[in-house]
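This structure is a prediction, so every number in the text was calculated from the model and none was measured.
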Amino acid sequence: PFWMFSSSPHTCKQMHPKHRTFVWSVAVTPDGQHVISADDYGHLRMYSLLHNEEVRWLGGRSCGVSMRSVAVSADGRYVACGCSDAGVRVWPLVDGRRVRLFSGHTHAVNAVAFTPDSRHVVSGSHDETVVVWSVESGAVVRRLEGHTSGVLAVAVAPDGRHIVSGSGDNERAVRV
């Protein structure tokens with residue numbers, strides 16, 4: 001299970017997802033109505049925050065690999081997952097059919113984020129790289145190197161001009 005905290009009124013309630021293993025990552029849709037959860041068996045599920053119930057099992061069947069991170073595009077059209085098989089998977093939220101598998105990392109993808117215009121997905125991997133992908137084509141737009149340990153976190157600035165990544169580097173580095 002995971003927990004939902006509300007600020008008004010101050011409440012905390014346990015969500016009861018149908019996951020049969022631990023949840024690696026969660027993301028809230030831009031409209032604030034749904035939460036997407038990704039688990040260790042490769043299940044991606046959408047829940048209503050209002051009704052505390054599952055709305056959809058995205059992707060149809062399990063992809064068979066651990067989903068380490070999940071992000072929802074700013075336009076609310078797509079969800080991306082970073083996976084243990086070094087892949088990035090993208091689904092449309094409207095119907096849950098898998099759109100594309102992005103391949104290019106050599107180790108597990110630990111973090112994903114969308115650019116503010118929803119045109120690109122940024123992924124950080126245990127292979128010490130950050131990759132920017134085209135959502136439309138799945139092509140690598142840019143590969144960023146410089147970490148000396150696996151990348152554990154990525155974020156994109158609201159104006160889209162900066163990508164920030166964090167890792168377990170000896171310097172405990174955050175790269176911009």
Side-chain angles (χ1 to χ4, degrees), residues 2 4-7 23-38 44 46-47 49 58-59 63 65-176:
F2 52 91
M4 182 178 70
F5 300 90
S6 298
S7 59
V23 173
W24 274 97
S25 185
V26 295
V28 177
T29 56
D31 64 7
Q33 299 297 308
H34 299 93
V35 63
I36 311 296
S37 58
L44 187 67
M46 176 187 282
Y47 295 90
L49 288 174
L58 296 166
C63 68
V65 298
S66 175
M67 291 188 177
R68 302 284 177 91
S69 62
V70 63
V72 179
S73 62
D75 64 9
R77 292 178 55 207
Y78 299 104
V79 60
C81 290
C83 301
S84 62
D85 67 350
V88 175
R89 288 167 171 81
V90 177
W91 283 266
L93 280 177
V94 68
D95 63 8
R97 293 178 299 114
R98 186 166 35 193
V99 170
R100 193 172 304 279
L101 169 61
F102 301 161
S103 299
H105 284 293
T106 59
H107 295 291
V109 176
N110 299 314
V112 291
F114 279 93
T115 56
D117 63 8
S118 302
R119 293 178 51 221
H120 299 97
V121 175
V122 178
S123 59
S125 169
H126 211 69
D127 66 9
E128 304 172 8
T129 67
V130 173
V131 175
V132 180
W133 310 86
S134 165
V135 171
E136 176 86 18
S137 69
V140 173
V141 174
R142 189 158 192 196
R143 181 177 303 277
L144 307 170
E145 299 179 357
H147 284 287
T148 59
S149 184
V151 178
L152 303 173
V154 296
V156 180
D159 65 5
R161 295 179 56 204
H162 295 78
I163 294 171
V164 181
S165 59
S167 77
D169 293 355
N170 287 336
E171 307 90 31
R172 306 299 186 255
V174 173
R175 308 262 184 215
V176 180

Could you tell me which residues satisfy side chain to side chain contact (heavy atoms under 4.5 Å, CB included) with A113, sequence neighbours excluded, listed by chain and number?
-> V154, V156
Roughly how far, to the nearest 0.5 Å, is CZ of R77 from CG of L93?
-> 10.0 Å
Inter-residue atom distance S125.OG - H147.NE2, 0.5 Å rounding | 11.0 Å
Are more than 12 heavy atoms from other residues, nucleotides or ligands located less than 6.0 Å from atom NE2 of H120?
-> yes
Any chance you could measure L49, atom CG, to M46, atom CE, to the nearest 0.5 Å?
-> 10.5 Å
Got a sec, which residues hit side chain to side chain contact (heavy atoms under 4.5 Å, CB included) with R68, two or more places apart in sequence or on another chain?
-> W24, S66, S84, A108, N110
Summary of salt bridge (charged side-chain N to carboxylate O under 4.0 Å, His left out) pairs that have at least one residue in residues 132-154, sequence neighbours excluded | none
Trace of the side chain to side chain contact (heavy atoms under 4.5 Å, CB included) decision for V88 with V131 = CA-CA 10 Å; V88 175; V131 175; over 6 Å; no
Between L144 and I163, what is the shortest heavy-atom contact and its length?
-> CD1-CD1, 4.3 Å
Nearest heavy-atom approach of G87 to L101 is CA-CD1, 4.0 Å
The side chain to side chain donor-acceptor pair (under 3.5 Å) partners of D159 (sequence neighbours excluded) come to none
Under 3.5 Å: donor-acceptor pair, side chain of S25, backbone of A38 = no
Write down the atom of S165, the atom of V130, and the distance for their closest heavy-atom approach.
-> CB-CG2, 3.7 Å
For the pair R89 and V65, evaluate side chain to side chain contact (heavy atoms under 4.5 Å, CB included) and give the outcome as yes or no after the intermediate values.
-> CA-CA 11 Å; R89 288 167 171 81; V65 298; 3.8 Å; yes
Side-chain contact, heavy-atom cut-off 4.5 Å: P30 with V72?
-> yes
Answer yes or no: is there a side-chain heavy-atom contact under 4.5 Å between D75 and F114?
-> no
Please identify each residue that fulfils side chain to side chain donor-acceptor pair (under 3.5 Å) with S103, with sequence neighbours left out.
-> none
Minimum-distance pair of heavy atoms, taken over all atoms of V112 and C81 | CG1-C, 4.1 Å
Which residue pairs pass the salt bridge (charged side-chain N to carboxylate O under 4.0 Å, His left out) test with at least one member in residues 104-133, sequence neighbours excluded?
-> D117-R119
In short, A157 meets P116 closest at the heavy-atom pair O-CG, 3.4 Å
Where the side chain of S118 meets the backbone of A74, is there a donor-acceptor pair that is under 3.5 Å apart?
-> yes
Parallel, tilted or perpendicular: which fits the ring planes of F102 and W133, with parallel below 30° and perpendicular above 60°?
-> parallel
Taking S73 for its side chain and Y78 for its backbone only, find out whether a donor-acceptor pair lies under 3.5 Å.
-> yes
